[in-house]
Amino acid sequence: MKVLVVGGGGREHALVWKIAQSKQVKKIFCAPGNAGIARLAKCVPIGAADIDKLLAFAQKEEIDLTVVGPEDPLSQGIVDQFEAAGLRIFGASRKAARVESSKSFAKAIMEKYGIPTAKGQTFTRLAPAQAYVKQMGAPLVVKADGLAAGKGVIVCSTEKMAMDALKQIMVDREFGEAGDQVVVEECLVGEEASFLAFTDGKTVLPLPSSQDHKPVFDDDKGLNTGGMGAYSPAPVVDQYLHERIMNEIMIPMVKGMATEGCPYKGVLYAGLMIDRDKIKVLEFNGRFGDPEAQPLLVRLQDDIVPIMEAVIDERLDACRLTIDPRASVCVVMASGGYPGKYKKGLEIKGIDAANRMRDVVVFHAGTSAKGKKILSQGGRVLGVTALGPTVDAAIKKAYQAVAKIDWQGVHYRKDIGKKALVRMQAVPRVGIVMGSDSDLKVMEAALGVFKKFTIPIEMTVASAHRSPERAATYAATAKERGLQVIIAGAGHAAHLAGVLAAHTTLPVIGVPIDSSCLQGMDALLSTVQMPPGIPVATVSIGKPGAKNAAILAVQMMALNDESLADQLAAFKREMAAEVEKKAEKLALYR
């Protein structure tokens with residue numbers, strides 16, 4: 001089959017690179033492409049937003065599948081036009097692409113369908129927006145409603161900055177029509193993560209987590225850019241949060257879009273802010289991220305073409321993704337001065353040397369060719385991407401490859417992936433042991449509590465009956481590994497907590513799992529009836545037991561941790577406030 005990829009950046013190079021691996025594909029075209037893409041596809045001198053010319057080209061060449069990379073053609077309706085002409089195309093329709101092209105539209109959908117996001121309002125006039133800024137107070141985020149090449153989001157630490165941002169967008173029209181409306185919202189705190197998924201409007205098939213680095217300088221300093229690097233997986237999104245993101249954000253958004261009459265088909269991107277146990281949506285994008293596409297696509301082991309066709313045909317439920325267990329890191333090499341003014345046409349050296357490294361791919365973003373020379377042609381020029389057995393190893397390999405490449409004034413961040421390393425170095429304070437991995441659904445109730453109190457944990461499986469030696473060894477070595485409490489979840493004849501308690505001086509809390517026909521009563525009795533000298537605490541059965549076990553563990557640790565004690569006091573106040581709110585609601589029915 002013949003494939004046309006629309007776009008000419010690093011994301012599109014990664015897409016072409018992945019599509020070229022498909023046995024179904026005989027020829028690839030890319031419009032307009034770049035110097036790196038030209039090695040894998042025939043570049044066509046048609047701009048990504050020139051839909052009429054792209055359509056004419058696709059008809060003339062009898063293209064079997066068109067894949068759209070950037071947001072502009074999607075927002076202008078390229079998918080609608082191609083489909084009307086009977087051509088197969090992968091991407092969101094014009095109506096669906098509004099999740100990115102109109103921040104006010106996306107916010108309205110989120111609010112209607114209960115998807116967590118920042119508190120805020122949309123304005124078309126300057127005076128009401130200014131009044132809202134004074135009402136909310138700083139810090140705030142001011143966003144141009146439309147597409148602004150990733151630069152229309154301004155984080156404001158003071159009211160004056162917010163007022164200046166409003167003037168910049170609504171009066172000075174720095175972002176053109178994108179500033180016809182502005183969204184002013186609260187400034188969320190936490191750690192950002194990117195979550196992407198294929199969807200055919202019904203089924204949501206998630207890719208691994210990733211994390212972008214927007215500011216131009218190390219330690220997230222300087223102006224925002226299109227992205228200075230990314231890595232996958234992002235440890236801030238563990239399995240617990242992954243499930244919640246799917247159930248609280250991705251699936252509700254896809255269902256909501258379908259209900260609103262604009263079913264979403266393509267890649268849905270959620271930019272998230274994660275703060276302890278809270279997840280909120282910063283933004284939705286209607287396509288692969290750039291640079292997130294690069295580390296994600298090198299981890300995707302499947303042929304991407306059948307997945308894209310399944311999205312088009314609405315049969316994604318028959319697909320599964322195979323992901324390389326290794327980590328991947330992309331370091332963006334940019335022109336000096338970016339995201340401001342920068343020079344073009346500078347010769348780049350060392351790309352081939354970097355590409356010869358094992359498990360390294362140099363994706364081109366802003367490049368052109370002059371004879372055998374590769375020249376810089378944009379702000380973000382290259383995305384040096386590497387695989388490694390760990391995030392740390394992938395980071396080291398990516399920077400080894402970066403060191404082989406050079407041109408005048410080249411700039412890149414030197415801390416891509418640093419947040420992952422810091423998070424992974426945290427020493428677990430609580431161990432959660434389960435009799436079976438089927439107990440995870442119950443024990444997730446404990447995970448949420450530990451997220452809330454930012455207590456690092458470790459989880460494992462050990463059986464009191466099938467692997468008693470493993471359970472005993474785990475308990476005997478727990479204290480020297482830094483653990484302070486062990487929580488054991490088991491069903492049926494739940495002897496796991498007792499086995500662990502017999503081999504450690506740490507406090508052990510047992511969670512009876514309601515997995516039997518006796519609804520956990522057998523596990524409860526087995527857990528509490530310990531021999532003298534082998535104490536095990538037990539609070540309740542199932543998910544309530546897991547949650548209470550975690551709170552009890554926090555209370556134990558808070559005895560010698562003032563910070564935890566303060567958080568516990570705040571937690572108790574929050575629970576009391578929730579009860580007051582419910583009481584106020586009921587009072588309305590008098």
Side-chain angles (χ1 to χ4, degrees), residues 204 206 237-248 251 277 320 428-453 455-478 483-504 506-556:
V204 181
V237 180
D238 56 17
Q239 187 61 35
Y240 167 74
L241 289 181
H242 183 282
E243 292 296 323
R244 283 187 54 198
I245 291 165
M246 285 291 288
N247 294 327
E248 298 174 21
I251 293 173
D277 62 332
R320 298 290 181 272
R429 298 176 67 182
V430 178
I432 297 179
V433 187
M434 298 171 290
S436 168
D437 58 0
S438 62
D439 300 335
L440 180 58
K441 285 294 180 185
V442 172
M443 300 307 291
E444 281 178 349
L447 301 186
V449 173
F450 292 126
K451 288 281 181 192
K452 187 175 190 66
F453 289 95
I455 294 174
I457 66 164
E458 64 179 28
M459 298 185 72
T460 191
V461 175
S463 170
H465 304 100
R466 294 184 291 272
S467 59
E469 291 183 3
R470 175 177 173 76
T473 301
Y474 180 87
T477 59
L483 297 186
Q484 294 172 277
V485 184
I486 297 175
I487 297 176
H492 298 266
H495 296 150
L496 178 60
V499 170
L500 295 169
H503 292 87
T504 184
L506 295 178
V508 176
I509 307 171
V511 178
I513 305 293
D514 46 349
S515 57
S516 71
C517 60
L518 297 176
Q519 297 183 322
M521 288 301 296
D522 49 349
L524 174 63
L525 293 172
S526 297
T527 302
V528 298
Q529 294 187 121
M530 290 294 119
I534 310 294
V536 171
T538 306
V539 278
S540 52
I541 297 171
K543 286 189 175 183
K547 183 174 182 177
N548 280 342
I551 294 171
L552 180 58
V554 174
Q555 289 176 326
M556 289 176 177

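When the shell of 6.0 Å around CD of Q555 is examined, it contains more than 12 heavy atoms from other residues, nucleotides or ligands. More than 12 non-hydrogen atoms from other residues, nucleotides or ligands lie less than 6.0 angstrom from NZ of K451.
Across all their heavy atoms, P468 and V499 have their closest contact at O-CG1, 4.4 Å. Heavy-atom minimum distance, V485 versus M556: CG2-SD, 4.3 Å. Listed here is the closest heavy atom pair of R466 and G435: NH2-O, 3.7 Å. In terms of heavy atoms, I486 sits closest to A478 at CD1-CB, 3.9 Å. The two residues V536 and G510 have their closest heavy-atom pair at CG1-N, 3.7 Å. Nearest heavy atom pair, residue S463 against residue A471, reads O-CB, 4.4 Å.
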Evaluate I541 against Q519 for side chain to side chain contact (heavy atoms under 4.5 Å, CB included), listing each step before the verdict.
CA-CA 9 Å; I541 297 171; Q519 297 183 322; over 6 Å; no
Verdict with reasoning, M434 to V442, per side chain to side chain contact (heavy atoms under 4.5 Å, CB included)
CA-CA 10 Å; M434 298 171 290; V442 172; over 6 Å; no
Please evaluate residues M443 and I513 with respect to the criterion side chain to side chain contact (heavy atoms under 4.5 Å, CB included), reporting the C-alpha separation (whole Å), side-chain torsions for both, the decisive distance (0.1 Å), and the verdict.
CA-CA 9 Å; M443 300 307 291; I513 305 293; 4.1 Å; yes
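Summarising the geometry, atom CG belonging to D522 is positioned 7.0 Å from atom NE2 belonging to H492; distances are rounded to the nearest 0.5 Å. The CG atom of L483 lies 5.0 Å from the OH atom of Y474; values are rounded to the nearest 0.5 Å. Distance CG/L500 to NE2/H495: 13.0 Å, rounded to 0.5 Å. The distance from the OG atom of S526 to the CG atom of L496 is 11.5 Å, given to the nearest 0.5 Å. In this structure, CD1 in I487 is found 5.0 Å from CD1 in I432, a value given to the nearest 0.5 Å. Taking CD from Q529 and CD1 from I534, the interatomic distance works out to 15.0 Å, rounded to the nearest 0.5 Å.
Here the side chain of N548 pairs no donor or acceptor atom with the backbone of G545 at under 3.5 angstrom.
Residues Q239 and L447 have side chains not in contact (no heavy-atom distance under 4.5 Å, counting atoms from C-beta outward). For the pair D238/L241, a side-chain contact is recorded, criterion being any heavy-atom separation below 4.5 Å from C-beta on. Residues I457 and Y240 fail the side-chain proximity criterion, which asks for heavy atoms closer than 4.5 Å. Proximity of M530 to P535: side-chain heavy atoms (C-beta onward) are nowhere separated by under 4.5 Å. Two residues are said to be in side-chain contact when any heavy atoms from C-beta on lie closer than 4.5 Å; R244 and D277 meet this criterion. L440 is listed as a side-chain neighbour of M459, based on a closest heavy-atom distance under 4.5 Å.
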